[in-house]
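Reviewing the structure listed below.
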Amino acid sequence: MRISVVVPCYNEEAVIDESHSVLYETMKSNFDDFEIIYINDGSKDHTRDLLNKISIAFAEVRTIHFSRNFGHQPAVTAGIKFATGAYIIIIDADLQDPPSLIPQMVEMARSENANVVYGVRKSRDGETWFKKQTAKMYYRLMNHLSETKFPLDTGDFRLIDRKIADVFNQMDEKHKYIRGIISWIGFKQLPIYYHRAERFAGDSHYPFSKMMQFAMRGLLYFSKKPLTLATNIGLGLVLLTLMSLVAQFVKWYLHPESMIIGWMSIFTAIVFFGGVQLLTIGILGSYIGNIFDEVKNRPEYIVDEIVG
Ligand code: UDP
Ligand code: MG
């Protein structure tokens, strides 16, 4: 039974040799039949040459080079598409997710007949307080807003079997939020707990702006609640205005002398409703932007070359 490992790599020259040897050793000593697929997501450093060397030296290794940087999720998507194994493992190149967990994941999938074994981070080292807290809040918010339930504190480090991969490969959503889609597919999914280590070397490629983009994508693709939110706020405010109008009328009837015709109230109302409208348009716009991307129907990634 073949096991495939999918590893997205973007500017990982500092870690790739070390992580390859750890990964390769783990695979070689535990499985008879395996393959490792590296996806070079348009790296600008020496990752390309390093991966080519590895792919030529080891028969079990292949590298897919993208024509430019398409992002982590497209890289994983390509890896799943090219993988031929009965089980596919998705793992980062920086050794933050321990390769030593792979045999356990495979064992669990086999013995429990699971289709997905997803890694849950019990703790995370070497990441800022800010990243940890925002990630924690985000996963909880997502669960609250989305119609699909997601396991908490889970990244893309996971095992999926052929059944899941085949369904996944048929989806042609352009901006895949992979962990969301896999939860959504269903079948038997089990957690495995681990400790997320510090990056072995190099820097994170998920700066705040990318994190925000990723978070927004997950939210917009997996929840229609922000649309409802806009409608509800709008409705609430209209009711509030009506009530205030009634109150004004009563006041005018009872104490006409106390009425001050002020410009403040008008000013506030204009600004306030302007804000509400902009908010609503913004939410609508985000969904329309995504529809636009889907309609264009461009490929998610472009392969330049396959080595090995
Ligand atoms: N990655 C990628 N394309 C990108 C950004 C990242 O293929 O545009 C890869 C990266 O090489 C690593 C994985 O995705 O293997 C996770 O990235 P990183 O470690 O930078 O993210 P973090 O662990 O800080 O969330
Ligand atoms: Mg990392």
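Atoms within a ligand are numbered from 1 in the order they appear, just like the ligands themselves.
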Open item on the list: For Phe214 and Tyr177, take the angle between the two ring planes, folded into 0 to 90°, and tell me which bin it lands in: parallel under 30, tilted 30 to 60, perpendicular over 60.
Closed with: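 Correct class here is tilted.
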
In terms of the angle between their ring planes, are His20 and Tyr24 parallel, tilted or perpendicular, with boundaries placed at 30° and 60°?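 His20 and Tyr24: tilted rings.
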
Polar side chain donor-acceptor pair, Arg68 to Tyr301, under 3.5 angstrom
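Per modelled atom types, Arg68 and Tyr301 side chains form no pair under 3.5 Å.
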
Using heavy atoms and a threshold below 4.0 Å, how should the contact between [X] and ligand 1 be classified: side chain, backbone, both, or neither?
X: Asn69; value: side chain
X: Met211; value: neither
X: Arg196; value: side chain
X: Glu12; value: side chain
X: Ala93; value: both

Exercise for review: Check Asp94 and report its N/O/S atom nearest to the Mg ion (ligand 2), by atom name.
Suggested key: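 The atom in question is OD2.
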
Among all protein heavy atoms, pick the one closest to [atom] and tell me residue, atom and distance.
atom: atom 9 (C) of ligand 1; result: Pro8 O, 3.7 Å
atom: atom 1 (N) of ligand 1; result: Tyr10 CB, 3.7 Å
atom: atom 3 (N) of ligand 1; result: Asp41 OD2, 2.7 Å

Do NZ/NE/NH1/NH2 and the carboxylate oxygens of Glu13 and Lys44 come within less than 4.0 Å?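 No, no charged N to carboxylate O under 4.0 Å.
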
message = If the threshold is 4.0 Å, N to carboxylate O, is there a salt bridge linking Asp49 and Lys53?
response =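 Salt bridge between Asp49 and Lys53, a charged N being under 4.0 Å from a carboxylate O: no.
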
Open item on the list: Tell me which one of Asn52, Ile302, Ile39, Thr47 satisfies side chain to side chain contact (heavy atoms under 4.5 Å, CB included) with His65.
Closed with: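 Answer to the side chain to side chain contact (heavy atoms under 4.5 Å, CB included) test with His65 among Asn52, Ile302, Ile39, Thr47: Asn52.
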
Original post:
Which of these, Val76, Leu159, Asp161, Val6, sits in a side chain to side chain contact (heavy atoms under 4.5 Å, CB included) with Ile88?
Top reply: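 Result: among Val76, Leu159, Asp161, Val6, Val6 is the only option passing the side chain to side chain contact (heavy atoms under 4.5 Å, CB included) with Ile88.
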
Review point. Which option, Asn11, Asp92, Asp97, owns the non-hydrogen atom nearest atom 13 (C) of ligand 1?
Key: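 Nearest heavy atom to atom 13 (C) of ligand 1 lies in Asp92.
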
